[in-house]
Amino acid sequence: MEKSKMINSLVYQGYTASIHYSPADEVFFGKVIGINDLVTFEGTSVEALKQGMKEAVEDYIETCKELGKSPDRTYKGVFNIRVSSDLHKKIALLASQYDVTLNDFVKSVLQYASSHQEINAEVFGER
């Protein structure tokens with residue numbers, strides 16, 4: 001499996017944006033994630049990028065208020081995941097050893113991973 005790495009990101013008022021740099025254009029650009037619409041911004045310096053995100057987020061929130069809609073994407077709490085049959089068997093057996101359902105086992109592992117950044121880096125090969 002190809003090594004993954006954590007994305008470069010900025011956070012403003014609880015909104016996260018993925019950040020990239022275009023050497024051809026010599027500009028940083030970002031995209032706000034976890035919302036219902038496409039909101040992008042750019043800047044030629046880190047400070048300009050941060051200001052661009054601030055303006056983009058504030059404008060988006062104001063626009064959503066005017067339209068009477070929620071800016072945040074709604075998550076149902078249900079998703080499918082594909083794993084190998086060997087992994088499926090291993091985690092099903094492990095869950096049964098703890099006398100929990102497979103669903104509760106996976107939920108617990110995801111909750112643990114989401115609150116331990118160093119574990120996430122370790123799992124994805126960052127050191």
Side-chain angles (χ1 to χ4, degrees):
M1 177 168 72
E2 183 180 317
K3 282 188 179 181
S4 299
K5 65 178 187 170
M6 186 176 249
I7 62 167
N8 291 318
S9 60
L10 282 177
V11 177
Y12 177 74
Q13 288 191 355
Y15 291 92
T16 301
S18 60
I19 303 301
H20 305 278
Y21 178 72
S22 170
D25 300 321
E26 296 184 344
V27 67
F28 295 100
F29 59 97
K31 174 182 157 187
V32 181
I33 54 180
I35 60 173
N36 289 316
D37 299 290
L38 176 62
V39 175
T40 61
F41 54 94
E42 63 181 45
T44 55
S45 69
V46 173
E47 209 47 52
L49 184 70
K50 288 179 179 179
Q51 184 63 31
M53 180 178 182
K54 177 182 175 186
E55 291 170 5
V57 167
E58 289 175 356
D59 183 56
Y60 180 63
I61 291 170
E62 185 60 34
T63 299
C64 287
K65 283 181 186 174
E66 290 171 7
L67 296 173
K69 70 180 224 172
S70 172
D72 298 327
R73 177 178 289 159
T74 302
Y75 293 93
K76 294 179 183 179
V78 176
F79 64 95
N80 293 320
I81 181 169
R82 290 175 182 78
V83 297
S84 69
S85 57
D86 288 341
L87 180 57
H88 190 169
K89 180 180 178 180
K90 285 178 186 177
I91 61 175
L93 291 172
L94 191 54
S96 68
Q97 289 175 352
Y98 286 98
D99 195 28
V100 297
T101 65
L102 182 57
N103 190 69
D104 285 342
F105 179 83
V106 172
K107 263 195 316 191
S108 295
V109 170
L110 293 174
Q111 286 174 325
Y112 182 84
S114 70
S115 63
H116 291 81
Q117 290 269 306
E118 69 281 358
I119 298 298
N120 294 341
E122 183 180 313
V123 168
F124 290 113
E126 294 180 8
R127 306 249 183 239

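A salt bridge is defined here as a Lys NZ or Arg NE, NH1 or NH2 lying under 4.0 Å from an Asp or Glu carboxylate O, and Asp37 with Arg73 fails to meet this definition. Taking a cutoff of 4.0 Å between a charged side-chain nitrogen and a carboxylate oxygen, Lys107 and Asp104 qualify as a salt bridge.
When all heavy atoms of Gly43 and Ala48 are compared, the pair lying nearest together is CA-CB, 3.9 Å. Summarising the geometry of Thr40 relative to Ala56, their closest heavy-atom pair is O-CB, 4.1 Å, with the distance given to 0.1 Å. Across Ala95 and Thr101, no two heavy atoms sit closer than the pair CB-O, 4.0 Å.
Interatomic distance, CD of Glu58 versus CD of Gln13, reported as 5.5 Å (0.5 Å rounding). Rounding to the nearest 0.5 angstrom, the gap separating the CD1 atom in Ile19 from the CZ atom in Phe29 is 9.0 Å. Here CG of Leu94 is found 10.5 Å from CG of Leu87. Values are rounded to the nearest 0.5 Å. Summarising the geometry, atom NZ belonging to Lys50 is positioned 12.5 Å from atom OH belonging to Tyr12; distances are rounded to the nearest 0.5 Å. Atom CG of residue Asn80 and atom CZ of residue Arg82 lie 6.5 Å apart, to the nearest 0.5 angstrom. The NZ atom of Lys89 sits 11.5 Å away from the OG atom of Ser84 when rounded to the nearest 0.5 Å.
At least one side-chain heavy atom of Leu49 sits less than 4.5 Å from a side-chain heavy atom of Leu10.
A donor-acceptor pair is defined here as one N or O able to donate and one able to accept, closer than 3.5 Å; no such pair exists between the side chain of Asp72 and the backbone of Ile35. Judged purely by atom type and a 3.5 angstrom limit, Tyr60 uses its side chain to pair as donor or acceptor with the backbone of Pro71. Looking only at distances, no side-chain donor or acceptor of Asn8 sits under 3.5 Å from a matching main-chain atom of Ser18. Under a 3.5 Å cut-off, the side chain of Ser96 and the backbone N or O of Asp99 do not form any donor-acceptor pair.
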Let's go through Glu55 and Gln51 carefully: what are the C-alpha distance in whole Å and the side-chain angles of both, what is the deciding distance for side chain to side chain donor-acceptor pair (under 3.5 Å) to 0.1 Å, and is it a yes or a no?
CA-CA 6 Å; Glu55 291 170 5; Gln51 184 63 31; 2.9 Å; yes
Can you check side chain to side chain contact (heavy atoms under 4.5 Å, CB included) on His88 and Leu102, steps first, answer last?
CA-CA 9 Å; His88 190 169; Leu102 182 57; 3.6 Å; yes
Given side chain to side chain contact (heavy atoms under 4.5 Å, CB included), test Lys31 with Leu38 step by step and report yes or no.
CA-CA 7 Å; Lys31 174 182 157 187; Leu38 176 62; 4.0 Å; yes
Test side chain to side chain contact (heavy atoms under 4.5 Å, CB included) on Phe41 and Lys54 and set out the steps.
CA-CA 9 Å; Phe41 54 94; Lys54 177 182 175 186; over 6 Å; no
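If you chain together hydrophobic residues whose side chains sit under 4.5 Å apart, Ile91 and Ile81 fall into the same group. Under the 4.5 Å side-chain heavy-atom criterion for Ile, Leu, Val, Met, Phe, Trp and Tyr, Phe79 and Tyr112 are members of distinct hydrophobic clusters. Cluster annotation: Val46 is not connected to Val27 through the hydrophobic network of ILVMFWY side chains, with a link wherever side-chain heavy atoms come within less than 4.5 Å. Cluster annotation: Phe105 is not connected to Leu93 through the hydrophobic network of ILVMFWY side chains, with a link wherever side-chain heavy atoms come within less than 4.5 Å. One hydrophobic cluster holds both Tyr21 and Val32 under the rule that ILVMFWY side chains link at heavy-atom gaps under 4.5 Å.
Each of Asp59, Thr63, Val57 was compared with Ile61 under the side-chain contact (heavy atoms from CB on, under 4.5 Å) criterion, and only Val57 meets it.
Heavy atoms of other residues, nucleotides or ligands lying less than 6.0 angstrom from NZ of Lys69 number more than 12. The environment of Tyr98 atom OH is sparse: at most 12 non-hydrogen atoms of other residues, nucleotides or ligands sit within 6.0 angstrom. Summarising the local packing, CD of Glu66 is surrounded by more than 12 heavy atoms from other residues, nucleotides or ligands at distances under 6.0 Å.
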